[in-house]
Protein chains: 2
Amino acid sequence: MAKADHIPAPAIRRLSLYLRQLETFDGNKRRTVSSRVLGQALGLTDAQVRKDLAYFGQFGHPGIGYRVPELIQRVRRILGTDKKAKVLLVGAGNLGRALISYRGFGKRGFDIVAVFDNDRSKVGKETPPPNSVRIRGLDDLSAVVRSHGIRVGILAVPADAAQGVADVMVGAGIRGILNFAPVTLHVGPEVGVASVDLAVQLEQLAFQVSVLTP
Amino acid sequence: MAKADHIPAPAIRRLSLYLRQLETFDGNKRRTVSSRVLGQALGLTDAQVRKDLAYFGQFGHPGIGYRVPELIQRVRRILGTDKKAKVLLVGAGNLGRALISYRGFGKRGFDIVAVFDNDRSKVGKETPPPNSVRIRGLDDLSAVVRSHGIRVGILAVPADAAQGVADVMVGAGIRGILNFAPVTLHVGPEVGVASVDLAVQLEQLAFQVSVLTP
DNA sequence: CTATGTGAACAGCTTCACAGCG
DNA sequence: CGCTGTGAAGCTGTTCACATAG
C-alpha cells in the first residue's frame, strides 16, 4: 500500500461511510448503486462520491453505476479491513466495559482480544459475556502485543493517565490509538491517533443549537 | 447569537479543544498563555490559534498573550456552555448506560436528566448510581422535553431503530442530536446532528496503520 | 522586545461540466 | 441515453508576514 499521499483526508473519512452504506444496500439485496443514490443516502453530492472513489481506482461501470458487492470488497481492501483485526483495550471502567460488549466492532471485523487495567482489584477478573476476556495488568501489555501481533489499541482511561498509557502502548509497538480520554495525545509520526471526546461532541451541538435557536 | 456565518466549521470544532486545554492550564494555575503555547499543546500552529480566536472577538493582549480565566469565560459563552444544560438519552443498552455514568459530561456542564428506552423490561427501572434516573417509555419523551425545556438528546439505540427515534425526538422539539448509531440521520436544517460511529473510528486507524506500516 | 490581529498569498477541497464508455 | 471519471474553475481554510499595541 504505497499511495495515500495527495488523497484528501476528508475523502478517507468518507470512505468508511460509503462502506457502511454499501453494506446496508447489500443487506437490502441491492445489486448496483449510482453515485447519486449513494450520495443522497449520506447527504453528499454525486460528484463528491465519484471523485472520492476515483482517488482509489476505477470501480464504476458507465451506464450502470457501481456493483455493490464488488465495491464493498474493494473498499474493505483499501481500508485494510478485509481481514479480521485484533485490537486491545486499556481501561476497564464504565466506558471500557461498554466498548468490550459493543457488537458493532465485531460486525466490522474488529476483535477485542485483550483488556488491560492498572486497578489491582480488577486485574484477573473476567469481563461479562459476550466477549468475556480476562483483565490483565499493564505490565503484560508489551508481551501480549508481540505474541498476538496487535497493531491497534483503544484507550479508555482517565485523562490524567492517558498520555502515560499511550507511551506504554507505543513502546510496545502499537501503531494506532483510538483515544477516548479528553486530552491531546503526543505521539511520534509513525503512530496514528483518532480521538473521540464525548463532551466535546455535545459542546458542538450546544453551539449549533444556540446558533440555530436565537 | 447572530453570526456563526462565514466562520469555518473546523474553527468551531477547535474551539472546544481550546477550552479543554485552557481548563487544564487553569487547573495548573497558569494565568496567561500565548497562541504558540496553546497551539503546541494541541498540535496546531500559533497562527491557527490566533485566527480561530479572532473569528469570535479580540481576546488577546499584545505582549502578554491570553489571560486564561478570561478566555475560558469567553469561549464558554460562545459555545453556549456557560450555563448547565439538560440533556436526554434514548437507549439504555450497554453504551447508553456507560454514557449515563460518564463523569465527563457533568464536568463540562451537561446533565442527563431523562432516559428513555422502548424495551418494556427496562422501563420503570432505575439506572445504577451515580446519576440514577428512572427509565421511561418513548411515549413520555415529548412531555418530558417540554416540561424540562430540553434541547439536546443523545441517541444510543440500534441502527435499525435510529431514524425512527430521531424523528420522535425532532417532533418533540429536540434541536441537537448526538448520534451513536451507525447510520446517517436525515433531519431538517433546524436540527443539528453530531455523529460518533465507533467502528468507523477504528476503521480510520486501520487505514492509517496499513499506510504507515507497509 | 513580545505577542496579537489581520490582509494577502497559498494550499487544499469541492463543485462544475463534459468527454467518453457501455 | 445513463452514468462514470476527470480536468478546470471556484471556493474555503490555512499559513505567512507584518503593522501595531503594550
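Heavy atoms only: backbone and side chains are in, while hydrogens, waters and symmetry mates are out. Chain naming here is simple, since letters A, B, ... match the order of the sequence lines and numbering starts at 1 in each.
The separation between A/R36 atom CZ and C/dT15 atom C1' is 17 Å, rounded to whole Å. Taking atom CZ on A/R74 and atom P on D/dG5, their separation rounds to 10 Å, with Å as the unit. Following rounding to the nearest Å, A/H61 (NE2) and D/dC1 (C1') show an atom-to-atom distance of 19 Å. One interatomic measurement links the two molecules: CG of B/L38 to P of C/dG5, which rounds to 12 Å at whole-angstrom precision. Remark: C1' of C/dT14 and NE2 of A/H6 are 18 Å apart, rounded to the nearest angstrom. In this structure, A/F56 places its CZ atom 15 Å from C1' of D/dG5, rounding to the nearest Å. For the pair B/Y55 OH and D/dT12 P, the interatomic distance rounds to 12 Å; values are reported in whole Å. The distance from atom CD1 of A/I64 to atom P of D/dC1 is 17 Å, rounded to the nearest whole Å.
DNA chain C is contacted by both A/K51 and B/D46; B/D46 maps to the nucleotide lying nearer its 5′ end (nearest heavy atom per residue). The residue among B/G65 and A/A47 whose nearest nucleotide of DNA chain C lies closer to the 5′ end is B/G65.
Side-chain nitrogen and oxygen atoms of B/S35 include none within less than 4.0 Å of the OP1 or OP2 phosphate oxygen of C/dA3. Dashed line: the shortest gap from a side-chain N or O of B/Y66 to OP1 or OP2 of C/dG5 is under 4.0 Å. An OP1 or OP2 oxygen of D/dG13 is reached within less than 4.0 angstrom by no side-chain nitrogen or oxygen of B/R14. Distances shorter than 4.0 Å separate none of the side-chain N or O atoms of B/S34 from OP1 or OP2 on C/dA3. Contact check, A/Q48 against C/dT15: a side-chain N or O comes under 4.0 Å of OP1 or OP2. An OP1 or OP2 oxygen of C/dT6 is reached within less than 4.0 angstrom by a side-chain nitrogen or oxygen of B/Q58.
With A/D117 contributing its side chain and A/D119 its backbone, the two residues share a donor-acceptor pair below 3.5 Å. For B/S147 (side chain) and B/V144 (main-chain N/O), a donor-acceptor pair under 3.5 Å exists by modelled atom type. Side-chain N or O atoms of B/Q163 include one that pairs as donor or acceptor with a backbone N or O of B/H186 at under 3.5 Å. For the pair B/S34 (side chain) and B/G65 (backbone), a donor-acceptor distance under 3.5 Å is absent.
Here B/A9 lies in heavy-atom contact (under 4.0 Å) with sugar-phosphate atoms only. Backbone-only contact: B/G60 has heavy atoms under 4.0 Å from sugar-phosphate atoms and none from a base. Counting non-hydrogen atoms under 4.0 angstrom, A/L53 reaches nothing in the nucleic acid.
Side-chain contact of B/R20 with A/T184: a donor-acceptor pair under 3.5 Å is present, judged by distance alone. At a cut-off of 3.5 Å, with distance as the only test, a side-chain donor of A/N179 or A/S195 sits close to an acceptor on the other residue.
The side chain of B/A54 lies closest to C/dT6 when the candidates are D/dG5, C/dT6, D/dA8. With D/dT6, C/dC13, C/dT6 as the choices, the nucleotide that has an atom nearest any side-chain atom of A/R50 turns out to be D/dT6. Distance from the side chain of A/P62 is smallest to D/dT4 among D/dT6, C/dA8, D/dT4.
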